[in-house]
J.: 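Sharing a structure below in structure tokens format, with a few things to ask.
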Amino acid sequence: MRTPICDAFGIEYPILAFTPSEHVAAAVSRAGGLGVLGCVRFNDTEELEKTLTWMDENTDGKPYGVDIVMPMKVPTEGTSTDLSSYIPEEHRRFVDETLLKLGVPPLPEGEGREGVLGWLHSVARSHLDVALQHRPVFIANALGSPPVDVIEKAHAAGIKVGALAGTAKHAQSHVANGVDVIIAQGYEAGGHTGEIASMVLTPEVVDAVGPDVPVLGAGGIGSGRQIAASLALGAQGVWMGSIWLGTEEYRNLASNQGWETAFLRATSSDTVRTRIYTGKPARLLKTKWTQAWAEDDAPAPLPMPLQNLLVADAHNRINASGDPDVISMPVGQIVGRMNEVRPVAEVMADLVAEFQDTVKRLDGLAGI
């Protein structure tokens with residue numbers, strides 16, 4: 001299981017793991033893939049600095065990457081306090097009443113945290129500045145192509161830049177801006193995702209950007225067979241996210257038993273693509289919380305970053321309650337395969353073994 005992208009990043013397997021957990025990311029890198037730490041959760045650059053220092057020390061010298069959230073166009077923005085004044089009272093009232101109906105208790109006095117500020121352009125730039133003081137080999141941007149000056153800054157440090165794309169047109173635009181790697185993320189994926197399924201999107205993107213631009217397949221990938229399918233469609237590797245939620249290492253970030261109960265019992269039909277998490281279309285686990293927002297009397301979600309600021313305290317309360325029927329959780333349709341919690345190393349070993357078995361079976365069908 002070796003492609004040119006392995007040589008580009010100095011990794012053994014073309015498996016890139018997007019995760020908000022440094023423990024998962026480090027374990028993937030140690031196991032031969034490329035762990036990519038999602039930085040959006042870090043409101044405090046000092047916390048990110050400590051986390052990346054930990055990554056430097058716990059990856060056995062192996063490479064890793066980071067993922068930031070930065071729109072190409074620089075928006076006008078303020079602090080979370082300034083922005084909160086733009087949230088309509090109707091939306092606040094709906095959230096409060098919904099939490100009451102669902103039986104979600106308030107947090108103890110002094111607990112909780114403000115909304116995720118990593119959606120703000122200025123905060124994402126601070127994430128980049130911190131990352132450049134460490135040793136990532138890859139910087140991915142969840143909102144497509146970052147500003148050109150950011151790409152140039154990364155290239156000057158010898159770091160490759162990747163961008164998520166939901167259409168072939170988006171992918172071509174990213175390449176024109178200087179992006180090195182395209183992550184073709186299909187409809188099945190968790191979190192922010194587009195409307196085209198991976199089976200259609202991956203070959204479209206591969207053909208659109210040409211043979212000199214590596215493409216990673218993403219969305220609906222959680223097994224060695226699916227990795228083989230993505231490579232057969234022309235991808236040089238895969239970008240996997242949801243599957244790592246079901247690992248022992250992820251418990252270091254989310255010890256909430258409600259999360260595990262929720263995804264362990266879910267099927268591939270139990271997700272929904274909605275704007276209620278951040279203001280942009282994102283796939284979440286279908287729960288009573290998502291269903292409440294789908295009712296006729298629910299207000300329309302606000303644009304990014306206001307929606308996240310609106311629901312930040314609700315997410316804190318929901319997660320603290322540990323109720324799997326209410327949990328707010330980005331996850332892809334691959335959740336139907338996440339039926340046990342295992343160590344990252346075991347997951348990686350199974351991915352590689354099943355890939356090899358799949359290729360051997362296909363070779364047999366081809367008479368090789």
Side-chain angles (χ1 to χ4, degrees), residues 5 8 14 16 18 36 38-40 65-75 118-121 124-125 128 138-155 159-221 229-231 233-242 273-275 277-284 301 303-305 307 330 332-333:
I5 209 161
L16 281 74
F18 166 72
V36 181
C39 296
V40 73
V66 296
D67 178 275
I68 58 176
V69 179
M70 184 183 293
M72 184 172 184
K73 294 182 179 179
V74 181
W119 308 115
L120 300 179
H121 187 90
R125 278 193 177 261
L128 173 69
F138 186 52
I139 294 177
N141 186 31
L143 293 183
S145 176
V148 173
D149 72 292
V150 169
I151 297 174
E152 293 174 344
K153 199 171 185 179
H155 286 169
I159 301 172
K160 293 188 181 297
V161 177
L164 272 69
T167 68
K169 183 178 179 180
H170 290 160
Q172 290 174 318
S173 176
H174 299 342
V175 173
N177 290 328
V179 167
D180 304 292
V181 179
I182 300 299
I183 302 162
Q185 180 148 294
Y187 177 79
E188 309 96 320
H192 295 125
T193 193
E195 299 179 342
I196 305 175
S198 297
M199 183 65 77
V200 174
L201 179 65
T202 301
E204 280 191 354
V205 170
V206 169
D207 292 345
V209 301
D212 296 331
V213 179
V215 174
L216 301 176
I221 301 174
S230 191
L231 297 191
L233 293 173
Q236 284 194 23
V238 292
W239 174 270
M240 302 170 65
S242 298
R273 186 169 171 268
T274 174
R275 293 196 301 115
Y277 198 76
T278 68
K280 288 184 177 291
R283 185 171 300 284
L284 310 180
M304 180 186 281
Q307 181 67 19
Q333 292 178 331

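In this text, all values refer to a predicted model and were calculated from it rather than measured experimentally.
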J.: Kindly write out the residues that satisfy side-chain contact (heavy atoms from CB on, under 4.5 Å) with A140, not counting sequence neighbours, or none if the list is empty.
T.: D67, F138, I183, W239
J.: Tell me every residue that passes side chain to side chain donor-acceptor pair (under 3.5 Å) with T193, counting only those two or more places apart in sequence or in another chain.
T.: none
J.: Any salt bridge (Lys or Arg N to Asp or Glu O under 4.0 Å) involving residues 199-221? Give me the pairs, sequence neighbours left out, ordered by first then second residue.
T.: none
J.: Does anything in residues 172-181 form a salt bridge (Lys or Arg N to Asp or Glu O under 4.0 Å)? List the pairs, not counting sequence neighbours.
T.: none
J.: Please enumerate all residues that pass side-chain contact (heavy atoms from CB on, under 4.5 Å) together with A171, with sequence neighbours excluded.
T.: A165, I182, V205, V209
J.: Please report the closest heavy-atom contact between V179 and A163, naming both atoms and the distance.
T.: CG1-N, 3.8 Å
J.: Between CD1 of I151 and NE2 of H174, what distance do you get to the nearest 0.5 Å?
T.: 9.5 Å
J.: What residues form a side chain to side chain donor-acceptor pair (under 3.5 Å) with Q333, not counting sequence neighbours?
T.: none
J.: Going by the side-chain hydrogen bond (donor to acceptor under 3.5 Å, both in side chains) test, which pairs reach into residues 159-169, not counting sequence neighbours?
T.: T167-H170
J.: According to side-chain contact (heavy atoms from CB on, under 4.5 Å), who are the partners of A208, at least two apart in sequence or on a separate chain?
T.: A168, Q172
J.: May I have all residue pairs that pass salt bridge (Lys or Arg N to Asp or Glu O under 4.0 Å) and include part of residues 141-155, sequence neighbours excluded?
T.: R125-D149, D129-K153
J.: Within the structure provided, determine whether S145 and V175 are in side-chain contact (heavy-atom separation under 4.5 Å).
T.: no
J.: Report the residues that fulfil side-chain contact (heavy atoms from CB on, under 4.5 Å) with L233, sequence neighbours left out, ordered by chain and then residue number.
T.: M199, T202, P203
J.: Can you pull the salt bridge (Lys or Arg N to Asp or Glu O under 4.0 Å) pairs that have at least one residue in residues 193-202, sequence neighbours excluded?
T.: E195-R273
